[in-house]
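Below: one structure, written as structure tokens.
One-based numbering, in listed order, for ligands and for the atoms of each.
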Amino acid sequence: MKNTGMHRPLRRHIFLLLAVFVLVILSVLWFFQIFMLKPMYASIKTHELRTVSETLARDASGDALSSLSDSLAQSKNICISVYEIRGQSAHLCASSHIQSSCILHNLASDSMMNRLYTNALTDGFYTERIAGNFLTGRNADNADNIPESIITSEMTVTSDGKAFLILLNAEIEPIGTTTDTLTLQLGIITGVLLLFAGITAVIVSGAISRPIVQMSKEAKKLAEGTYDVCFDGGSVKEIAELGDALNYAAGELSTIDTMQKELLANISHDLRTPLTMISGYSQVMRDIPGEMTAENMQIIIDETARLTDLVGDILDLSKLSAESQKLDCEILSVTDTVQKTLERYQKLTVRDGYEITFSFDREIFIYADKSKILQVLYNLVNNAINYTGEDKKVNIRQLSKNGQCRIEITDTGEGIPAEQLSKIWDRYYKVKNYHKRAVSGSGLGLSIVKNILLLHGAKFGVTSTVGFGSTFWFSLPEVERDPSAE
Ligand code: ADP
């Protein structure tokens with residue numbers, strides 16, 4: 001299932017993302033630096049002129065008007081003219097001329113003065129922006145070099161009844177040149193950043209895609225059945241974690257594969273032993289007179305039972321894992337079920353000296369599939385018998401707590417090392433060197449138990465102390481006895 005057609009390589013992906021990121025940031029910069037520079041500067045300058053004009057208005061009739069005008073003109077880099085208006089005539093009472101191309105001092109026409117005066121009368125504070133090349137009387141070359149200006153006019157009447165017209169002129173600095181510089185700078189910055197985005201894309205994609213490509217190669221090998229693979233996740237945390245997870249999965253697959261091979265070898269061996277016995281004994285019984293004894297027959301029967309158990313285990317597990325097993329639940333006495341299971345071992349108890357005890361204080365009912373619960377009990381008790389200690393003791397307890405019935409099967413055997421505890425439930429798993437007696441375990445019993453208990457939604461587990469024995473347990477909710485069954 002290949003799916004590469006619609007996907008673009010990681011490198012191009014990262015580059016495109018970074019390029020978009022760079023372009024968005026630069027567009028914002030360009031917008032403010034190039035397009036908004038002049039309007040923003042003009043607005044700041046106008047605000048400054050209004051403050052200067054207000055300061056002059058407050059002291060217009062004072063003696064210090066001229067010096068105030070000069071110092072404000074110097075500090076703010078503007079030109080100032082203040083006229084006292086007497087009737088129809090205007091008398092210049094302060095004039096500070098700082099900028100050579102000031103329109104007020106050099107070029108203002110009568111009509112402009114009139115306009116400034118009348119607008120000041122109506123508006124209170126009047127502002128006008130004048131392009132450097134608007135004026136007549138200047139040749140075109142010079143006019144181009146004159147920056148745009150802001151002219152303001154304000155009328156004020158002082159407390160002693162005198163009227164003053166305050167005119168201010170500020171050049172909007174040669175922003176054209178500034179803008180050109182900024183444009184060039186931004187052009188260079190754009191180029192550098194795009195180059196940087198390209199290099200970053202190569203480095204980042206290298207760090208991400210190299211291990212992914214390596215891992216996908218290893219994964220193909222794994223899929224072909226080579227378990228000797230190594231997923232190197234590189235230096236990116238998430239990919240390194242993916243690599244670790246895949247290494248773990250490969251390890252598990254390899255273990256399962258080994259186990260499966262071992263199981264096949266074991267099963268073949270386990271099948272052959274009883275078959276050899278059966279065929280041997282039958283031939284002896286056929287050929288040698290007097291060998292047709294009950295003991296020999298019993299051996300054949302026992303070996304057949306071993307074979308049946310083994311084949312049954314394998315069949316059960318394959319059915320359970322194929323999830324084709326449906327539960328056929330009913331209300332049943334778990335106490336009775338345990339007792340029934342133990343009856344199967346009565347012969348063993350008598351013949352081989354096993355001491356199997358069952359302690360309970362009352363009969364408890366659960367809702368479960370009887371044949372499956374029997375299977376669970378049979379497997380757990382069987383294991384306990386197989387692995388218990390020299391004293392041959394196995395104890396089964398039925399407990400009741402918080403509405404849960406708990407069955408515990410305890411043996412006095414070698415126990416199971418802590419690191420193996422979680423694995424024994426896996427299919428085919430066998431703890432090495434722990435078989436006390438000639439146990440023909442298939443490694444399937446606990447896996448069957450686990451599957452059945454999971455199907456029932458039961459809780460289960462094992463506690464074990466090496467040298468002292470193990471306790472396997474499971475618990476299911478208690479239910480009321482089915483009245484119709486009485
Ligand atoms: P087997 O058929 O080999 O007993 P199981 O699935 O029943 O397979 O058990 C898996 C492994 O768990 C066993 O091989 C054994 O090593 C260990 N085991 C199970 N029950 C016990 C127990 N009561 N005491 C010690 N080890 C046990």
[X]: numbered ligand 1 atoms lying under 4.0 Å from its heavy atoms:
| X | answer |
| --- | --- |
| D411 | 22 (C), 23 (N), 24 (N) |
| G445 | 5 (P), 6 (O), 7 (O) |
| S470 | 24 (N) |
| I424 | 10 (C), 12 (O) |

ask   = Parallel, tilted or perpendicular: which describes the rings of Y345 and Y378, with under 30° parallel and over 60° perpendicular?
value = parallel

For [X] and [Y], test the side chains for any donor-to-acceptor distance below 3.5 angstrom and give the result as yes or no.
| X | Y | answer |
| --- | --- | --- |
| T388 | T412 | yes |
| T335 | E363 | no |
| T471 | E408 | no |

So for F472, does at least one of its heavy atoms come nearer than 4.0 angstrom to any atom of ligand 1? yes

Take every heavy atom of G413, measure it against each atom of ligand 1, and state whether any distance is under 4.0 Å. no

Logged contact type for L446 with ligand 1, heavy-atom cut-off 4.0 Å, is both

So is there a nitrogen or oxygen of S447 less than 3.5 Å from a nitrogen or oxygen in ligand 1? no

| field | Main-chain N/O of L49 paired to S53 side chain as donor or acceptor, under 3.5 Å | value | no

Exercise. Does the pair Y387 and I416 meet the rule for a side chain to side chain contact (heavy atoms under 4.5 Å, CB included), with working shown?
Worked result: CA-CA 10 Å; Y387 297 102; I416 305 159; over 6 Å; no

